[in-house]
Amino acid sequence: PEEYTTVVHLIAANLETEEAKTSTDAPCAPYGEADFLRDVWMSEDDLRKLKGLLLHKKNVILQGPPGVGKTYAAKRLAWALAGEKDKARVRCVQFHQSYSYEDFVWGFKPKGEGFVGRNGVFAAFCRRAAEDPEKPYFFLIDEINRGNLSKILGEALMLIEADHRGEALRLASRRKPFVIPENLYIIGMMNTADRSIAIIDYALRRRFGFFTVRPAFDSDGFQRYANRLKQAIALAEVAEKAR
(Lines give C-alpha, C1' and ligand atoms only; values in the text may rest on other atoms or scores of the structure.)
Protein backbone atom coordinates (compact mmCIF):
# COMPACT_ATOMS: atom_id res chain seq x y z
CA PRO A 1 0.00 0.00 0.00
CA GLU A 2 1.01 3.61 -0.56
CA GLU A 3 0.97 4.43 3.19
CA TYR A 4 3.34 1.54 3.92
CA THR A 5 5.77 2.68 1.21
CA THR A 6 5.74 6.22 2.61
CA VAL A 7 6.50 4.97 6.14
CA VAL A 8 9.38 2.81 4.86
CA HIS A 9 10.90 5.79 3.02
CA LEU A 10 10.57 7.98 6.10
CA ILE A 11 12.29 5.36 8.29
CA ALA A 12 15.10 4.98 5.74
CA ALA A 13 15.57 8.76 5.58
CA ASN A 14 15.73 8.99 9.38
CA LEU A 15 18.29 6.18 9.54
CA GLU A 16 20.48 7.92 6.94
CA THR A 17 20.28 11.18 8.92
CA GLU A 18 21.24 9.44 12.18
CA GLU A 19 24.10 7.61 10.47
CA ALA A 20 25.39 10.89 9.05
CA LYS A 21 25.25 12.46 12.52
CA THR A 22 27.19 9.54 14.05
CA SER A 23 29.81 9.49 11.34
CA THR A 24 30.56 13.20 11.79
CA ASP A 25 33.52 13.64 14.08
CA ALA A 26 32.42 16.07 16.77
CA PRO A 27 35.30 18.05 18.28
CA CYS A 28 36.37 16.85 21.72
CA ALA A 29 36.40 19.26 24.63
CA PRO A 30 39.96 20.40 25.48
CA TYR A 31 41.35 19.20 28.80
CA GLY A 32 44.71 20.02 30.33
CA GLU A 33 46.70 19.82 33.54
CA ALA A 34 44.91 22.86 34.98
CA ASP A 35 41.60 21.05 34.50
CA PHE A 36 43.04 17.95 36.18
CA LEU A 37 44.18 19.94 39.22
CA ARG A 38 40.75 21.54 39.44
CA ASP A 39 38.88 18.22 39.28
CA VAL A 40 41.28 15.99 41.22
CA TRP A 41 42.43 16.94 44.71
CA MET A 42 46.10 16.43 44.02
CA SER A 43 49.00 18.84 44.32
CA GLU A 44 50.85 20.14 41.29
CA ASP A 45 54.01 18.43 42.52
CA ASP A 46 52.24 15.06 42.77
CA LEU A 47 50.84 15.48 39.28
CA ARG A 48 54.32 16.20 37.95
CA LYS A 49 55.68 13.04 39.61
CA LEU A 50 52.78 10.91 38.36
CA LYS A 51 53.08 12.25 34.83
CA GLY A 52 56.83 11.65 34.74
CA LEU A 53 56.40 8.13 36.08
CA LEU A 54 53.83 7.23 33.42
CA LEU A 55 55.77 8.76 30.54
CA HIS A 56 58.95 6.97 31.63
CA LYS A 57 57.58 3.51 32.48
CA LYS A 58 54.56 3.65 30.13
CA ASN A 59 52.73 1.61 32.79
CA VAL A 60 51.64 2.88 36.17
CA ILE A 61 49.44 1.58 38.98
CA LEU A 62 47.47 3.97 41.18
CA GLN A 63 47.29 2.26 44.56
CA GLY A 64 45.43 3.33 47.66
CA PRO A 65 42.56 2.59 50.02
CA PRO A 66 39.01 2.38 48.67
CA GLY A 67 37.18 5.63 48.07
CA VAL A 68 40.14 7.92 47.31
CA GLY A 69 39.14 8.34 43.64
CA LYS A 70 41.72 6.20 41.83
CA THR A 71 39.52 5.48 38.81
CA TYR A 72 38.28 9.07 38.72
CA ALA A 73 41.86 10.37 38.75
CA ALA A 74 43.07 7.81 36.17
CA LYS A 75 40.51 8.84 33.57
CA ARG A 76 41.27 12.54 34.04
CA LEU A 77 45.00 11.88 33.93
CA ALA A 78 44.50 10.26 30.54
CA TRP A 79 42.48 13.24 29.33
CA ALA A 80 45.10 15.68 30.62
CA LEU A 81 47.93 13.90 28.79
CA ALA A 82 45.78 13.52 25.67
CA GLY A 83 44.94 17.23 25.81
CA GLU A 84 41.23 16.57 25.26
CA LYS A 85 38.31 14.43 26.41
CA ASP A 86 38.66 11.97 23.53
CA LYS A 87 36.75 8.82 24.52
CA ALA A 88 38.10 6.96 21.49
CA ARG A 89 41.62 7.17 22.95
CA VAL A 90 40.73 5.94 26.44
CA ARG A 91 39.52 2.39 27.14
CA CYS A 92 38.67 1.02 30.58
CA VAL A 93 38.14 -2.58 31.71
CA GLN A 94 37.84 -4.24 35.10
CA PHE A 95 39.66 -7.44 35.98
CA HIS A 96 37.96 -10.24 37.92
CA GLN A 97 38.62 -13.91 38.62
CA SER A 98 36.88 -15.09 35.42
CA TYR A 99 38.81 -12.73 33.14
CA SER A 100 40.91 -14.70 30.64
CA TYR A 101 43.65 -14.40 28.02
CA GLU A 102 41.02 -14.93 25.32
CA ASP A 103 39.09 -11.89 26.60
CA PHE A 104 42.18 -9.70 26.83
CA VAL A 105 44.64 -10.65 24.06
CA TRP A 106 43.43 -13.23 21.54
CA GLY A 107 41.49 -16.45 21.42
CA PHE A 108 38.85 -18.60 19.78
CA LYS A 109 35.23 -17.66 20.35
CA PRO A 110 32.15 -19.72 19.40
CA LYS A 111 30.36 -18.62 16.23
CA GLY A 112 27.50 -20.63 14.84
CA GLU A 113 28.50 -24.28 14.87
CA GLY A 114 32.23 -23.61 15.06
CA PHE A 115 34.85 -21.25 16.45
CA VAL A 116 36.55 -18.15 15.12
CA GLY A 117 39.71 -16.38 16.27
CA ARG A 118 39.17 -12.88 17.61
CA ASN A 119 41.25 -10.11 19.14
CA GLY A 120 40.68 -9.46 22.80
CA VAL A 121 39.83 -5.99 24.05
CA PHE A 122 43.48 -5.08 24.69
CA ALA A 123 44.78 -6.32 21.33
CA ALA A 124 41.99 -4.49 19.51
CA PHE A 125 42.87 -1.26 21.34
CA CYS A 126 46.59 -1.75 20.57
CA ARG A 127 45.71 -2.00 16.89
CA ARG A 128 43.70 1.23 17.07
CA ALA A 129 46.60 3.02 18.79
CA ALA A 130 49.11 1.70 16.22
CA GLU A 131 47.02 3.20 13.42
CA ASP A 132 47.30 6.65 15.04
CA PRO A 133 50.95 6.82 16.20
CA GLU A 134 51.08 10.61 16.61
CA LYS A 135 48.58 10.63 19.51
CA PRO A 136 48.81 8.96 22.95
CA TYR A 137 46.29 6.24 23.83
CA PHE A 138 45.42 5.07 27.34
CA PHE A 139 44.24 1.65 28.51
CA LEU A 140 42.81 1.67 32.05
CA ILE A 141 42.53 -1.50 34.15
CA ASP A 142 40.39 -1.24 37.25
CA GLU A 143 40.94 -3.77 40.05
CA ILE A 144 44.11 -4.95 38.27
CA ASN A 145 45.09 -7.20 41.20
CA ARG A 146 41.82 -9.16 41.17
CA GLY A 147 42.59 -11.15 38.02
CA ASN A 148 45.11 -13.93 37.41
CA LEU A 149 47.62 -11.60 35.78
CA SER A 150 49.98 -14.21 34.32
CA LYS A 151 47.04 -16.00 32.74
CA ILE A 152 45.40 -12.84 31.41
CA LEU A 153 48.49 -11.12 30.02
CA GLY A 154 50.36 -14.09 28.57
CA GLU A 155 53.01 -12.85 26.12
CA ALA A 156 51.84 -9.29 26.71
CA LEU A 157 53.68 -9.42 30.05
CA MET A 158 56.95 -9.01 28.16
CA LEU A 159 55.66 -6.60 25.52
CA ILE A 160 54.19 -4.06 27.95
CA GLU A 161 57.69 -3.25 29.23
CA ALA A 162 58.85 0.14 27.96
CA ASP A 163 62.01 -1.36 26.39
CA HIS A 164 59.98 -3.85 24.35
CA ARG A 165 57.36 -1.47 22.98
CA GLY A 166 57.06 -1.71 19.21
CA GLU A 167 58.57 -5.20 19.10
CA ALA A 168 56.63 -7.91 17.28
CA LEU A 169 56.00 -11.24 18.97
CA ARG A 170 54.20 -14.19 17.44
CA LEU A 171 51.49 -15.52 19.72
CA ALA A 172 51.36 -19.23 20.52
CA SER A 173 47.96 -19.77 18.90
CA ARG A 174 48.12 -17.18 16.13
CA ARG A 175 50.33 -16.68 13.10
CA LYS A 176 50.15 -12.90 12.97
CA PRO A 177 52.62 -10.99 15.22
CA PHE A 178 51.36 -9.01 18.18
CA VAL A 179 52.73 -5.53 18.89
CA ILE A 180 52.07 -3.07 21.71
CA PRO A 181 52.78 0.38 20.23
CA GLU A 182 54.91 3.00 21.92
CA ASN A 183 52.05 5.50 22.09
CA LEU A 184 49.96 3.23 24.34
CA TYR A 185 50.01 3.85 28.10
CA ILE A 186 48.56 1.51 30.71
CA ILE A 187 47.06 2.83 33.96
CA GLY A 188 46.01 0.26 36.54
CA MET A 189 44.08 0.82 39.75
CA MET A 190 44.73 -1.30 42.86
CA ASN A 191 42.97 -1.35 46.21
CA THR A 192 45.62 -1.69 48.95
CA ALA A 193 43.00 -2.97 51.40
CA ASP A 194 42.50 -6.07 49.23
CA ARG A 195 44.38 -9.24 50.12
CA SER A 196 44.74 -10.16 46.44
CA ILE A 197 47.62 -7.68 46.05
CA ALA A 198 49.88 -10.52 47.21
CA ILE A 199 49.49 -12.27 43.81
CA ILE A 200 51.28 -9.47 41.94
CA ASP A 201 54.74 -10.96 41.49
CA TYR A 202 58.01 -9.15 40.93
CA ALA A 203 58.01 -9.79 37.16
CA LEU A 204 54.90 -7.63 36.86
CA ARG A 205 55.82 -5.12 39.56
CA ARG A 206 59.07 -4.12 37.87
CA ARG A 207 57.20 -3.27 34.67
CA PHE A 208 54.93 -0.80 36.46
CA GLY A 209 55.54 2.38 38.34
CA PHE A 210 53.50 2.65 41.55
CA PHE A 211 51.90 5.84 42.75
CA THR A 212 50.01 6.03 46.05
CA VAL A 213 46.76 8.01 46.02
CA ARG A 214 46.03 9.23 49.53
CA PRO A 215 42.93 10.81 51.07
CA ALA A 216 43.00 14.50 50.22
CA PHE A 217 41.40 16.01 53.33
CA ASP A 218 44.24 18.51 53.70
CA SER A 219 44.27 19.59 50.06
CA ASP A 220 43.15 23.02 48.91
CA GLY A 221 40.51 21.47 46.67
CA PHE A 222 38.87 19.62 49.54
CA GLN A 223 38.95 22.70 51.76
CA ARG A 224 37.22 24.75 49.04
CA TYR A 225 34.63 22.00 48.61
CA ALA A 226 34.02 21.81 52.39
CA ASN A 227 33.60 25.59 52.58
CA ARG A 228 31.10 25.62 49.72
CA LEU A 229 29.20 22.81 51.40
CA LYS A 230 29.09 24.70 54.72
CA GLN A 231 27.81 27.82 52.96
CA ALA A 232 25.10 25.82 51.16
CA ILE A 233 23.97 24.24 54.46
CA ALA A 234 23.91 27.64 56.17
CA LEU A 235 21.81 29.15 53.37
CA ALA A 236 19.43 26.18 53.48
CA GLU A 237 18.99 26.63 57.24
CA VAL A 238 18.29 30.35 56.80
CA ALA A 239 15.74 29.59 54.07
CA GLU A 240 14.10 26.96 56.27
CA LYS A 241 13.76 29.42 59.21
CA ALA A 242 12.30 32.06 56.91
CA ARG A 243 9.39 29.81 55.94
Side-chain angles (χ1 to χ4, degrees), residues 27-95 129 134-146 149 160-163 165 182-198 200 202 204-235:
C28 300
Y31 195 91
E33 293 183 10
D35 300 293
F36 176 89
L37 292 171
R38 183 195 65 233
D39 295 340
V40 181
W41 296 332
M42 186 181 292
S43 69
E44 189 174 349
D45 188 50
D46 283 343
L47 173 59
R48 186 172 63 252
K49 291 177 183 176
L50 177 56
K51 179 182 174 181
L53 191 62
L54 180 59
L55 294 178
H56 173 66
K57 300 282 287 188
K58 293 189 180 291
N59 314 299
V60 70
I61 289 180
L62 303 183
Q63 60 180 1
V68 293
K70 297 182 291 295
T71 307
Y72 181 86
K75 186 176 292 185
R76 279 149 187 81
L77 175 64
W79 289 344
L81 295 183
E84 57 184 356
K85 292 183 178 180
D86 190 351
K87 295 181 180 179
R89 289 196 276 151
V90 181
R91 184 73 167 87
C92 184
V93 300
Q94 186 181 63
F95 279 179
E134 300 302 320
K135 295 180 179 179
Y137 280 68
F138 302 89
F139 195 87
L140 279 54
I141 306 175
D142 198 14
E143 305 287 357
I144 191 172
N145 53 304
R146 285 187 173 271
L149 296 177
I160 64 172
E161 192 169 357
D163 294 340
R165 292 299 182 90
E182 295 185 5
N183 62 323
L184 180 69
Y185 298 89
I186 300 174
I187 305 175
M189 285 74 75
M190 186 174 74
N191 182 358
T192 50
D194 197 328
R195 293 180 181 178
S196 56
I197 60 174
I200 300 184
Y202 180 73
L204 184 72
R205 285 182 180 275
R206 71 180 183 84
R207 288 168 167 82
F208 280 83
F210 284 78
F211 184 89
T212 302
V213 181
R214 296 180 174 85
F217 299 122
D218 296 330
S219 67
D220 295 336
F222 181 80
Q223 295 301 324
R224 287 193 296 268
Y225 171 78
N227 291 333
R228 288 197 303 268
L229 191 59
K230 289 177 182 178
Q231 291 173 4
I233 293 173
L235 290 174

How many angstroms lie between [atom1] in [X] and [atom2] in [Y], if you round to the nearest 0.5 Å?
{"X": "Leu53", "Y": "Lys58", "atom1": "CG", "atom2": "NZ", "result": "12.5 Å"}
{"X": "Arg38", "Y": "Arg76", "atom1": "CZ", "atom2": "CZ", "result": "9.5 Å"}
{"X": "Ile141", "Y": "Leu149", "atom1": "CD1", "atom2": "CG", "result": "8.0 Å"}
{"X": "Asp46", "Y": "Trp41", "atom1": "CG", "atom2": "CH2", "result": "15.5 Å"}
{"X": "Lys87", "Y": "Lys75", "atom1": "NZ", "atom2": "NZ", "result": "8.0 Å"}

Of all heavy-atom pairs between [X] and [Y], which one has the smallest distance, and what is that distance?
{"X": "Val213", "Y": "Pro65", "result": "O-CD, 3.8 Å"}
{"X": "Lys70", "Y": "Leu62", "result": "CD-O, 3.4 Å"}
{"X": "Tyr72", "Y": "Asp39", "result": "CE2-O, 3.4 Å"}
{"X": "Phe95", "Y": "Ile144", "result": "CD1-O, 3.6 Å"}
{"X": "His56", "Y": "Ala162", "result": "O-CB, 4.0 Å"}
{"X": "Tyr137", "Y": "Ala88", "result": "CE2-O, 3.8 Å"}

Note to self: So, using ring pair (Phe, Tyr, Trp, His ring centres under 6.0 Å) as the criterion, who are the partners of Phe139 when residues are at least two apart?
What the structure shows: Phe104, Phe122, Phe125
Next item on the list: Name all residues meeting the ring pair (Phe, Tyr, Trp, His ring centres under 6.0 Å) criterion together with Trp79; count only those two or more places apart in sequence or in a different chain, and write none if there are none.
Entry: Tyr31
Notebook entry, point to check: Of the options Leu55, Val90, Leu140, which is the one that meets Tyr185 in a side-chain contact (heavy atoms from CB on, under 4.5 Å)?
Noted result: Leu55
For the pair [X] (side chain) and [Y] (backbone), establish whether a donor and an acceptor sit closer than 3.5 Å, ignoring hydrogens and angles.
{"X": "Asn183", "Y": "Lys135", "value": "yes"}
{"X": "Arg91", "Y": "Phe138", "value": "no"}
{"X": "Arg205", "Y": "Phe210", "value": "no"}
{"X": "Asn59", "Y": "Arg207", "value": "yes"}

Check: Ion pair present between Glu161 and Arg206, side-chain N to carboxylate O less than 4.0 angstrom?
Finding: yes
With side chains defined as the heavy atoms from C-beta onward, is the minimum distance between [X] and [Y] less than 4.5 Å?
{"X": "Leu77", "Y": "Leu47", "value": "yes"}
{"X": "Phe208", "Y": "Ile160", "value": "yes"}
{"X": "Gln94", "Y": "Arg146", "value": "no"}

Notebook entry, point to check: Do other residues, nucleotides or ligands put more than 12 heavy atoms under 6.0 Å from the CZ atom of Arg214?
Noted result: no
Note to self: Check this for me: Lys57, atom NZ, are more than 12 non-hydrogen atoms of other residues, nucleotides or ligands nearer than 6.0 Å?
What the structure shows: yes
Check: Going through the checks in order, is the side chain to side chain contact (heavy atoms under 4.5 Å, CB included) test met by Leu184 and Arg165?
Finding: CA-CA 9 Å; Leu184 180 69; Arg165 292 299 182 90; 4.1 Å; yes
